[in-house]
Amino acid sequence: MESAYKSHSAIEEICVYADSEHDDVIAIVVPDKSALQSKCGKGDYAKLCESKEARDFILECLDEMAQKNKFKVIMILRSGYARSQGSQS
């Protein structure tokens with residue numbers, strides 16, 4: 001599943017998580033910097049990753065790949081978290 005999602009040109013890295021106690025599959029995504037800036041503006045990459053616009057763009061890309069790969073409903077990502085590659089908590 002991760003490799004299918006990662007095949008989108010706007011996704012640099014992805015980690016998908018699911019468990020039996022929750023209905024939704026979630027992901028942590030490192031978006032491609034140039035794709036994100038092209039869609040959401042030329043601002044600071046780390047701050048762009050935190051924006052609602054970036055999250056919406058990433059979910060659109062992931063949904064596109066889910067449809068292309070004919071994923072079952074349970075495998076479709078409905079939420080995610082975008083991080084710049086160098087981010088640390």
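Positions are given from 1 along the sequence.
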Can you tell me how far the CG atom of Asp44 sits from the CD atom of Glu50, to the nearest 0.5 Å?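 CD of Glu50 is found 8.5 Å from CG of Asp44.
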
Tell me every residue that passes salt bridge (Lys or Arg N to Asp or Glu O under 4.0 Å) with Glu13, counting only those two or more places apart in sequence or in another chain.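 In terms of salt bridge (Lys or Arg N to Asp or Glu O under 4.0 Å), with neighbours along the sequence ignored, Glu13 is linked to Lys6.
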
Backbone N or O of Ile26 within a donor-acceptor pair of the Asp24 side chain at under 3.5 Å?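 Here the side-chain-to-backbone pair does not exist.
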
Do Leu77 and Ile58 pass the side-chain contact (heavy atoms from CB on, under 4.5 Å) test, and can you show the C-alpha distance, the side-chain angles, and the key distance before you say yes or no? CA-CA 10 Å; Leu77 291 160; Ile58 291 163; over 6 Å; no

Tell me, do Tyr5 and Met1 make a side-chain contact under 4.5 Å, heavy atoms counted?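 Yes, side chains in contact.
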
Mind listing the closest non-hydrogen atom pair of Ala10 and Cys61 along with its distance?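 Looking at all heavy atoms of both residues, the shortest contact is CB-SG, 3.8 Å.
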
Can you give the donor-acceptor pairs under 3.5 Å from side chains of residues 29-43 to other protein atoms, not counting sequence neighbours?
unit_1	atom_1	unit_2	atom_2	d
Asp32	OD2	Ser34	N	3.3
Asp32	OD2	Ser34	OG	2.8
Asp32	OD2	Ala35	N	2.9
Gln37	NE2	Gly43	O	3.2

Leu62 vs Ile14, side-chain contact (heavy atoms from CB on, under 4.5 Å): CA-CA, chis, key distance, verdict: CA-CA 10 Å; Leu62 296 173; Ile14 186 167; 3.8 Å; yes

For residues 63-75, which side-chain donor-acceptor pairs fall under 3.5 Å, sequence neighbours excluded?
unit_1	atom_1	unit_2	atom_2	d
Asp63	OD2	Gln67	NE2	2.8
Asn69	ND2	Met65	O	2.8

